[in-house]
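Here is the structure we will look at.
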Amino acid sequence: MDSLPINQSLPPLSWLQAFEAAARLESFTLAGEELGRSQATISQQIRYLENRLESELFHRLPRGVELTLDGAAYMPHVRSAFETIAASTRDLFATNRHATVTIATPVSLVAGWLAARLPELDVKSHRINLSIATINRPVDYEMENADLEIHYGDGAWPGVERKLILEERLSPVCAPALLDTVEHWQQLPVIGLAGARAGWSEWCAAARMAPLSAPVFRFDSFVLALEAARAGAGILLASLPLVETQLREGTLVRLSDVELRPRTGHWLTRDHRKPVKPETQVVWHWMISLAG
């Protein structure tokens, strides 16, 4: 059988208010004072509620009232419902509510660079909520419809304002224990990374050394390739700005001073066609300042 509409199954809110206040204060008189109603009105509304529910909710005592078993069982649900309504009202309609700015960004940039810098963003005093949508494929940007986007590439995208926030620098790294297994690090298994970015052949040319063997492992995600390198699976041509923490902590070591610097990097962008909200402008300048 279909459920009744809410306005037919739910008792009037004034009755529920009277019940909640009387149960909490254990007094019809005090409940009336809190709600701006007379003691008689509170008593009448609770009687209406009891008749509606066909159950006695209070024991009437010489001084005050006491919940019955049914009343005690009903009280937490009524209180929870009022607390939910109050919280939703504050969140949605309070004058000090926070505005939300959404940034769509590759997951590798969040894990390797942005997450560690989030405490530097003064979101609280500016009443801004920052929503970060991680991107794994270019098509994901279209689904997010974000206020700001961070793209990896050469910056040649029409119709967007752009600012380079992280220039690419590539150099081989591996887990330190892996170096004890071979005489030369070039003999170690190679980890490859799919995608439109410079790779091992370009780095070897820049380092003026013979090409390495073909990758034993290949990943479509830098984050996963990095985890494999940390676990000792092989050598990775890593984006140095994204492995600063691992290098500093010693979970990875650099294998060469040679850095490949392709004309690519991570760019903060925004669509010229979208109106710029004040809070978006604030986050735009924050992100640029983080890049230094």
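In what follows, residues are counted from 1 in the order of the sequence shown.
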Side-chain polar contacts of residues 201-212 - donor-acceptor pairs under 3.5 angstrom, sequence neighbours left out - could you list them?
residue	atom	partner	partner atom	Å
Glu202	OE1	Gly199	N	2.8
Trp203	NE1	Val258	O	3.1

Charged N to carboxylate O below 4.0 Å: is that the case for Glu50 and Arg47? yes
Determine, for Arg270 against Asp147, whether the closest basic-nitrogen to carboxylate-oxygen distance falls under 4.0 angstrom. no
Are there more than 12 heavy atoms of other residues, nucleotides or ligands under 6.0 Å from atom CZ of Arg263? no
Using a distance-only test with no angle check, is there a side-chain donor-acceptor pair under 3.5 angstrom linking Glu149 and Thr105? no
Keeping Trp200 on the side-chain end and Ile191 on the backbone end, is there a donor-acceptor pair under 3.5 Å? yes
Residues His184 and Gln186: side-chain donor-acceptor under 3.5 angstrom: no
Using a 6.0 Å cut-off, check whether atom CG of Leu69 has over 12 heavy atoms from anything other than its own residue. no
Just wondering, are more than 12 heavy atoms of other shown residues or ligands nearer than 6.0 Å to CG in Asn129? yes
For atom CG of Asn51, decide whether the heavy atoms of other residues, nucleotides or ligands shown that lie under 6.0 angstrom number more than 12. yes
So the salt bridge (charged side-chain N to carboxylate O under 4.0 Å, His left out) pairs with at least one residue in residues 21-44 (sequence neighbours excluded) are Glu20-Arg24, Arg24-Glu34
Pairs where residues 221-230 contributes a residue and the test salt bridge (charged side-chain N to carboxylate O under 4.0 Å, His left out) is met, not counting sequence neighbours: Glu227-Arg230
Is there a donor-acceptor contact under 3.5 Å from the side chain of Arg60 to the main chain of Phe58? yes
Do NZ/NE/NH1/NH2 and the carboxylate oxygens of Arg254 and Glu244 come within less than 4.0 Å? no
Looking only at side chains, do Asp70 and Ser55 share a donor and an acceptor under 3.5 Å apart? yes
Hey, does the Lys NZ or Arg CZ of Arg162 hover above the aromatic six-ring of Trp157, less than 6.0 Å from the centre and inside 45° of the axis? no
Atom NZ of Lys277 with >12 non-hydrogen neighbours under 6.0 angstrom: yes
